[in-house]
Each structure stands twice: as C-alpha cells, then as structure tokens.
Amino acid sequence: QLHLVESGGGLVQSGGSLRLNCLVSGSTSDYFAIGWFRQYPVKGREGVSVMTSDGMYTDYADSVKGRFTISRDSAKNTIYLQMNNLKPEDTAEYYCAADTIGTNWDVLRSIWPSARSFGNWGQGIRVTVSS
C-alpha cells in the first residue's frame, strides 16, 4: 500500500508563497494520479489540483488557477504544490492523495474534485494565511 507524507506547510502572510511536498512511497507505476485537496472546518473538502503519474496531465480548481502549480520530481518520488499569492481563504488543512484505480484521464478529469477515486491519503498539513 502506498504511503504519502506531506510537508512544507506553515504560516504565511497574505500575498506570500509556500511549497507543499508530497513524498510517495513506491513507484509511479503504483498509482495513476496524485491529487491535492484541502479541508475547511465548515465548508468541507475541496479539490485543489491533480497530476497524472507521468506528469502529462494536470488540472486545477478555479479558485487557485494562476496562483498554484503542481509539479513532480520522479527521482525523489515527490509531488509539489507551489502556492503563490496566497490569500486568507487558502487557509486549510492540505492533503495529498493517490488514485490507484484510475486508468483514463478523460474520466478522472471530470471526477477528481470529488476525491472518490483517491484511496490513499497523507496525514495532512496545515496552511495558515494571515491577512
């Protein structure tokens, strides 16, 4: 079973930047995609970004487009989420998760924000953006 570990969160002022890291045990052949999600105390969970294991396809929530960038370093088994121009509403618990059952990007592109195909999750990491 895959294990995912997030790091890189913390406290930052509005307009600042953070980079989240997701270290994935195993190889890229063990999963179809990695997604980043965030959890709000009341609002619930939101899909932030997703990338296929080969790095060919990515997608973003409208709320983060132009500010966040997902990338990977295959040699380090790490998926990154670069977050720029952070806003107080980005404050949340952030999770990376692996989709180990998907096989088709056209399908995943339509369902990934729901997280229903993501079965392996990290422990989460806190991001706090002060105004």
Side-chain angles (χ1 to χ4, degrees):
Q1 183 167 346
L2 287 178
H3 290 281
L4 297 89
V5 179
E6 301 95 339
S7 62
L11 173 64
V12 65
Q13 288 188 329
S14 182
S17 297
L18 281 174
R19 189 182 77 171
L20 301 184
N21 314 305
C22 176
L23 177 62
V24 184
S25 68
S27 69
T28 56
S29 62
D30 294 329
Y31 58 89
F32 179 64
I34 297 291
W36 284 99
F37 301 86
R38 58 190 180 187
Q39 183 80 36
Y40 299 98
V42 176
K43 185 179 171 182
R45 184 172 57 198
E46 178 186 33
V48 176
S49 184
V50 65
M51 171 183 279
T52 52
S53 60
D54 59 6
M56 185 172 294
Y57 299 105
T58 61
D59 200 11
Y60 299 89
D62 288 342
S63 58
V64 306
K65 280 181 181 176
R67 300 189 298 124
F68 291 13
T69 303
I70 192 169
S71 64
R72 65 181 186 137
D73 185 331
S74 298
K76 296 182 179 180
N77 290 337
T78 301
I79 310 299
Y80 303 103
L81 185 68
Q82 178 67 43
M83 306 186 295
N84 297 329
N85 190 22
L86 282 160
K87 305 175 181 180
E89 52 264 42
D90 294 316
T91 295
E93 193 82 7
Y94 284 72
Y95 298 84
C96 62
D99 174 356
T100 59
I101 61 175
T103 59
N104 185 290
W105 169 248
D106 287 336
V107 172
L108 182 62
R109 180 171 55 186
S110 65
I111 67 171
W112 74 268
S114 71
R116 65 184 192 221
S117 64
F118 292 82
N120 298 78
W121 291 76
Q123 82 286 353
I125 194 161
R126 184 73 178 169
V127 171
T128 302
V129 184
S130 63
S131 57

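The shown structure was predicted, so the numbers you read here are calculated from the model rather than taken from an experiment.
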Kindly write out the residues that satisfy side-chain contact (heavy atoms from CB on, under 4.5 Å) with V5, not counting sequence neighbours, or none if the list is empty.
->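 Partners of V5 by the side-chain contact (heavy atoms from CB on, under 4.5 Å) criterion, ordered by chain and then number, come out as Q123.
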Who passes side-chain contact (heavy atoms from CB on, under 4.5 Å) against D62, sequence neighbours left out?
->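 Only K65 meet the side-chain contact (heavy atoms from CB on, under 4.5 Å) criterion with D62.
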Pairs where residues 10-69 contributes a residue and the test ring pair (Phe, Tyr, Trp, His ring centres under 6.0 Å) is met, not counting sequence neighbours =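 For residues 10-69, and leaving out neighbouring residues, the ring pair (Phe, Tyr, Trp, His ring centres under 6.0 Å) pairs sorted by first residue read F37-F118, F37-W121, Y57-W105.
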Enter the distance from N120:CG to D30:CG here, rounded to the nearest 0.5 Å.
->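 Those atoms lie 9.5 Å apart.
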Report all side-chain donor-acceptor pairs from residues 95-102 shorter than 3.5 Å, counting only partners two or more places apart or in another chain.
residue: D99; atom: OD1; partner: I101; partner atom: N; Å: 3.0
residue: D99; atom: OD1; partner: G102; partner atom: N; Å: 2.8
residue: D99; atom: OD2; partner: S117; partner atom: OG; Å: 3.2

Determine, using the 4.5 Å side-chain heavy-atom cutoff (strictly less than), whether [X] and [Y] are members of one ILVMFWY cluster.
{"X": "I70", "Y": "V50", "answer": "no"}
{"X": "V48", "Y": "I125", "answer": "yes"}
{"X": "L23", "Y": "M83", "answer": "no"}
{"X": "V129", "Y": "L20", "answer": "yes"}

Going by the disulfide (SG to SG under 2.5 Å) test, which pairs reach into residues 30-83, not counting sequence neighbours?
->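 Output for this query is empty, none listed.
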Polar side chain donor-acceptor pair, S71 to Q82, under 3.5 angstrom |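 No.
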Show me, pair by pair, the donor-acceptor contacts under 3.5 angstrom made by side chains of residues 12-19, not counting sequence neighbours?
residue: S17; atom: OG; partner: N84; partner atom: OD1; Å: 2.9
residue: R19; atom: NE; partner: N21; partner atom: OD1; Å: 3.2

